[in-house]
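Below is one structure, written out as structure tokens, with a few remarks after it.
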Amino acid sequence: GIILARKNPGSRLSLVDVNERAVALAARNILQNGADNAQALVSDGLSALSGPLDAVISNPPVRIGKQAMYHLFEQAHEKLKPGGFLCIVIRKAQGAPSCKQFMSELFGNCQTIARESGFHILLSVKSSPGEEAV
């Protein structure tokens, strides 16, 4: 998140985690790296964020289980603005194929935009109301 913030100074990023210690460390790293356009927030999923969001980018916590992880994808779909996107990185062995299927059903689209060493980067774009998904 900090790298994204530094490379996109005109953007506003929120780094979220349910773990308070992780958020405190992220906040310290934001300060140390001068990422003034980023903030770290304690949040159960995306609940602390108000929409509409332009993007949700995640290395999802696969150890929480498939249903809980899919709930995060549903939260993203709900909070994204039309044209906004969900982008995740996930290992094939940790469920990339089933995540791609779920994201395809949820968004009406999902592309594998990169794949290397067992990691897949999946991208889904939220369509506008009445617009057919691409």
* Take atom CD of E74 as the centre, draw a 6.0 Å sphere, and report whether it contains more than 12 heavy atoms from other residues, nucleotides or ligands. => yes
* **Approximate separation, where rounding is to 0.5 Å, of Q94 CD and R63 CZ** => 5.5 Å
* Could you give the distance from OG (S11) to CG (L13), rounded to the nearest 0.5 Å? -> 4.5 Å
* Does atom CG of D36 have more than 12 heavy-atom neighbours, drawn from other residues, nucleotides or ligands, at distances under 6.0 Å? -> no
* Structure fact -> Closest non-hydrogen contact found for N37 with R12 is C-NH1, 2.9 Å
* Would you say R115 and I121 make side-chain contact, with heavy atoms under 4.5 Å? -> no
* Structure fact -> Minimal heavy-atom distance between L41 and V23, with the atoms involved, is O-CG2, 3.4 Å
* Please report the shortest heavy-atom distance between A26 and I2, naming the atom on each side. => O-CD1, 4.2 Å
* Asked: Under a 4.5 Å cut-off applied to non-hydrogen side-chain atoms, are Q39 and L15 in contact?
  -> no
* Asked: Do V42 and L25 belong together in a cluster built from hydrophobic side chains that touch within less than 4.5 Å?
  -> no
* L72 side chain near Q75 side chain, heavy-atom distance below 4.5 Å -> yes
* For residues L46 and V56, determine if any side-chain heavy atom of one lies less than 4.5 Å from a side-chain heavy atom of the other. => yes
* Hey, what do you get for CZ (R91) to NE2 (H120), rounding to the nearest 0.5 Å? -> 9.0 Å
* Asked: Any donor and acceptor pair, going by atom type alone, linking the side chain of N33 with main-chain N or O of A35 inside 3.5 Å?
  -> no
* Do the non-hydrogen side-chain atoms of V18 and P61 ever get within less than 4.5 Å of each other? -> no
* Report yes or no: does S43 contribute a side-chain atom to a donor-acceptor pair with the main-chain N or O of G45 at less than 3.5 Å? => yes
* Donor-acceptor contact present, side-chain S104 to main-chain K100, <3.5 Å -> yes
* Where do I30 and A40 come nearest, in terms of heavy atoms and distance? -> CD1-N, 3.8 Å
* To do: Taking the side chain as every heavy atom from C-beta outward, state whether K79 and P52 have any pair of such atoms under 4.5 Å apart.
  => no
* To do: Identify the two heavy atoms, one from M103 and one from L86, that lie closest to each other, and give their separation to 0.1 Å.
  => CE-CD2, 3.9 Å
* **Nearest heavy-atom neighbours spanning C99 and M69** => SG-CE, 3.5 Å
* Shared hydrophobic cluster for V125 and I113 (ILVMFWY, side-chain gaps under 4.5 Å) -> yes
* Exceeds 12 heavy-atom contacts within 6.0 angstrom, atom CD of Q32 -> yes
* Residue pair D54 / F85, side-chain heavy-atom distance below 4.5 Å -> no
* Parallel, tilted or perpendicular: ring planes of F102 versus F73, cut at 30 and 60 degrees -> tilted
* Spacing of NE2 belonging to H77 relative to CG belonging to L53, to within rounding of 0.5 Å -> 12.5 Å
* To do: Ignoring hydrogens and angles, tell me if any N or O in the side chain of D17 forms a donor-acceptor pair with the backbone of N19 under 3.5 Å.
  => yes
* Check whether any side-chain heavy atom of I90 lies under 4.5 Å from a side-chain heavy atom of L122, and answer yes or no. => yes
* Asked: Rounded to the nearest 0.5 Å, how far apart are CZ of F107 and NZ of K126?
  -> 7.5 Å
* To do: Please round to the nearest 0.5 Å and tell me the distance separating atom CG of L80 and atom OG of S124.
  => 10.0 Å
